[in-house]
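Both backbone and side-chain heavy atoms feed into the values below; hydrogens, waters and symmetry mates do not. Computed from a predicted model, the values in this text were never measured in an experiment. Counting starts at 1 for both ligands and their atoms, following the listed order.
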Amino acid sequence: MRILVTGGAGFVASHLCERLLSEGHDVTALDNLVTGDRRNLGPLRAHGDRFTFVEADLIAGIPADLPAFDRIYHLASPASPIDYVELPFQTLYVGSDGTRHGLERAQADGARFLLASTSEVYGDPAVHPQVESYWGNVNPIGPRSVYDEAKRYAEALTVAFARYKGVQTRIVRIFNTYGPRMRANDGRVMPTFINQALDGQPLTVFGDGLQTRSFCYVTDLVDGIIRLMESDLTEPCNLGNPHEMTMLDLADHINRFTDNPAGVVHRPLPKDDPTRRQPDISRARAELGWEPQVSFADGVERTVAWFRDRALQG
Ligand SMILES: NC(=O)c1ccc[n+]([C@@H]2O[C@H](COP(=O)([O-])OP(=O)(O)OC[C@H]3O[C@@H](n4cnc5c(N)ncnc54)[C@H](O)[C@@H]3O)[C@@H](O)[C@H]2O)c1
């Protein structure tokens with residue numbers, strides 16, 4: 001198939017491109033590099049002319065001269081809290097205008113469209129673990145709202161294109177994902193802790209550290225995303241690892257794994273930081289036959305090894 005991946009130079013989407021290329025598809029990655037990294041394209045270029053990189057801003061549109069696509073995976077969006085607070089309008093516009101361009105292109109090409117949504121649509125959840133039928137608890141004017149509400153709007157737009165224009169759509173709600181190619185300084189807890197530990201620094205834990213997250217290794221996520229795209233499931237689908245842990249437990253694991261004696265240091269909790277996050281993945285299990293395969297210990301080992309190599313490369 002001929003496949004467009006928006007945000008293809010980013011963390012998750014570059015792994016997605018790699019997997020799609022390895023399955024024999026022709027892949028076009030579109031990215032304006034606002035939070036992506038050209039180095040992520042290296043392994044993709046190894047696939048020769050089956051891979052194309054288009055440097056473009058999705059907010060402005062998808063270049064008309066690109067050939068028709070069979071599938072459009074829409075992952076372009078600033079994704080870490082540091083990024084979307086620094087890039088509030090990019091975040092809002094790529095979620096609104098960017099999603100519209102992707103959907104219009106899907107309609108014109110007869111392509112199937114998948115939206116990368118997020119567990120943040122559940123906000124600070126009153127239902128735990130989070131099931132897809134839960135409508136969420138989002139502060140519409142808080143500092144995170146540019147991201148949360150952009151994704152909620154993107155879901156509404158995607159459903160409207162399916163309902164009123166007949167476009168084939170899929171929606172994945174992604175929970176915290178980690179792995180190689182995250183940016184060391186993107187503010188997300190996993191790369192932050194790993195890089196602090198590799199530098200022999202204390203790990204910065206927000207608040208009392210008893211808030212929880214559940215971490216999915218990136219290749220597991222990519223597998224679920226492709227299964228969803230190729231399934232008949234048109235309802236939103238959670239993908240994530242249900243293994244929930246506190247930030248103190250995570251810090252402890254990383255300090256022990258890296259032999260970092262520096263411990264942790266506590267910092268004030270950011271505003272609207274969700275207290276709990278754990279996906280209910282019953283739907284993905286039942287409809288996609290999917291569940292995470294990479295253990296937490298293996299995933300951390302691979303990610304630490306990658307950050308070590310990256311540090312050596314400078
Ligand atoms: N990583 C996670 O834990 C996680 C969790 C929930 C949802 N998601 C979603 O998955 C997707 C990928 O996230 P990621 O963690 O890989 O982030 P990332 O920042 O590494 O990747 C996003 C990519 O989108 C590109 N981009 C942003 N705005 C663009 C625009 N206007 N035009 C073209 N390209 C643009 C960036 O340059 C970057 O390469 C995002 O949509 C994000 O919301 C990720």
Candidate pair H266 and F206, rule ring-ring contact (aromatic ring centres under 6.0 Å, His included), full reasoning: CA-CA 6 Å; H266 290 266; F206 292 128; over 10 Å; no
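- Residue contacts with ligand 1, taken as heavy atom pairs separated by less than 4.0 Å, do not involve S119 at all.
- No part of S80 comes within 4.0 Å of ligand 1, judged by heavy-atom distances.
- When every heavy atom of H101 is checked against every heavy atom of L58, the shortest pair comes out as CD2-O, 3.0 Å.
- Among protein heavy atoms, the minimum distance from atom 22 (C) of ligand 1 is reached at S77 O, 3.3 Å.
- Considering all non-hydrogen atoms of both residues, T177 and Y217 come closest at CG2-C, 4.3 Å.
- Note: an N/O pair closer than 3.5 Å links L75 and ligand 1 by distance alone.
- Interface of D57 with ligand 1, defined as ligand atoms under 4.0 Å from a residue heavy atom, comprises 30 (C), 31 (N), 32 (N).
- Taking every non-hydrogen atom of G36 and a distance limit under 4.0 Å, the qualifying atoms of ligand 1 come out as 36 (C), 37 (O), 38 (C), 39 (O).
- Contact annotation: for R181 versus ligand 1, there are no heavy atoms closer than 4.0 Å.
- Aromatic ring orientation, F215 versus Y178: perpendicular (interplanar angle above 60°, classes split at 30° and 60°).
- For the residue pair T258 / N260, no side-chain donor-acceptor distance below 3.5 Å is found, with atom types taken as modelled.
- Short contacts between ligand 1 and N176, defined as distances under 4.0 Å to a heavy atom of the residue, involve ligand atoms 3 (O).
- With respect to atom 43 (O) of ligand 1, the closest heavy atom belonging to the protein is Y147 OH, 2.5 Å.
- Near L33, meaning under 4.0 Å from any of its heavy atoms, are these atoms of ligand 1: 37 (O).
- Both I226 and M1 belong to a single network of hydrophobic side chains, linked directly or stepwise wherever heavy atoms of I, L, V, M, F, W or Y lie under 4.5 Å apart.
- Proximity of Y93 to ligand 1, defined as any heavy-atom pair under 4.0 Å, is not found for any part of the residue.
- Aromatic ring centroids of F113 and F161 lie 6.0 Å or more apart.
- Ring geometry for Y93 versus F89: interplanar angle of 30 to 60°, hence tilted.
- A pairwise comparison of heavy atoms in A162 and T169 identifies CB-OG1, 3.4 Å as the closest pair.
- For the pair Y134 (side chain) and A126 (backbone), a donor-acceptor distance under 3.5 Å is present.
- Closest protein heavy atom to atom 32 (N) of ligand 1: L58 N, 2.9 Å.
- Which of D37, T35, N32, N40 comes nearest to atom 36 (C) of ligand 1 through a heavy atom is settled by distance: it is T35.
- The minimum heavy-atom distance between I171 and L228, with the atom names listed, is O-CD2, 3.7 Å.
- Atom 20 (O) of ligand 1 has as its closest protein heavy atom F11 N, 2.8 Å.
- For ligand 1, the atoms sitting less than 4.0 Å from at least one non-hydrogen atom of A56 are 32 (N), 33 (C), numbered in the order shown with element in parentheses.
- Proximity to G7 (heavy-atom distance under 4.0 Å) selects the following atoms of ligand 1: 23 (C), 24 (O), 25 (C), 39 (O).
- Proximity of T6 to ligand 1, defined as any heavy-atom pair under 4.0 Å, is not found for any part of the residue.
- Counting protein heavy atoms only, atom 13 (O) of ligand 1 is closest to A79 CB, 3.5 Å.
- Between R38 and E55, at least one side-chain nitrogen of the basic residue sits less than 4.0 Å from a carboxylate oxygen of the acidic one, meeting the salt-bridge criterion.
- Annotation: K151 places an N or O atom under 3.5 Å from an N or O atom of ligand 1; distance criterion only.
- At the top of the distance list for atom 21 (O) of ligand 1, counting protein heavy atoms only, stands G10 CA, 3.5 Å.
- In this structure, atom 3 (O) of ligand 1 lies nearest to the protein heavy atom T177 N, 2.9 Å.
- From the protein, the heavy atom lying nearest to atom 44 (C) of ligand 1 is I174 CG2, 4.2 Å.
- Look at G98 and you'll find every heavy atom at least 4.0 Å from all atoms of ligand 1.
- A salt bridge between D109 and R2 is absent, with no side-chain N of the basic residue lying under 4.0 Å from a carboxylate O of the acidic one.
- Atom CZ of residue R173 and atom CG of residue L115 lie 9.5 Å apart, to the nearest 0.5 angstrom.
- Here's the thing with P78: none of its N/O atoms is less than 3.5 angstrom from an N/O atom of ligand 1.
- In summary, the atoms of ligand 1 found under 4.0 Å from a heavy atom of V12, numbered by their order in the structure, are 1 (N), 16 (O).
- For R188, a nitrogen or oxygen atom sits less than 3.5 Å from a nitrogen or oxygen atom of ligand 1, counting backbone and side chain alike.
- Side-chain contact of E244 with S214: a donor-acceptor pair under 3.5 Å is absent, judged by distance alone.
- Those atoms of ligand 1 that come under 4.0 Å of a heavy atom in S117, given as number and element, are 7 (C).
- Side chain of K151 to backbone of S119: no donor-acceptor contact under 3.5 angstrom is found.
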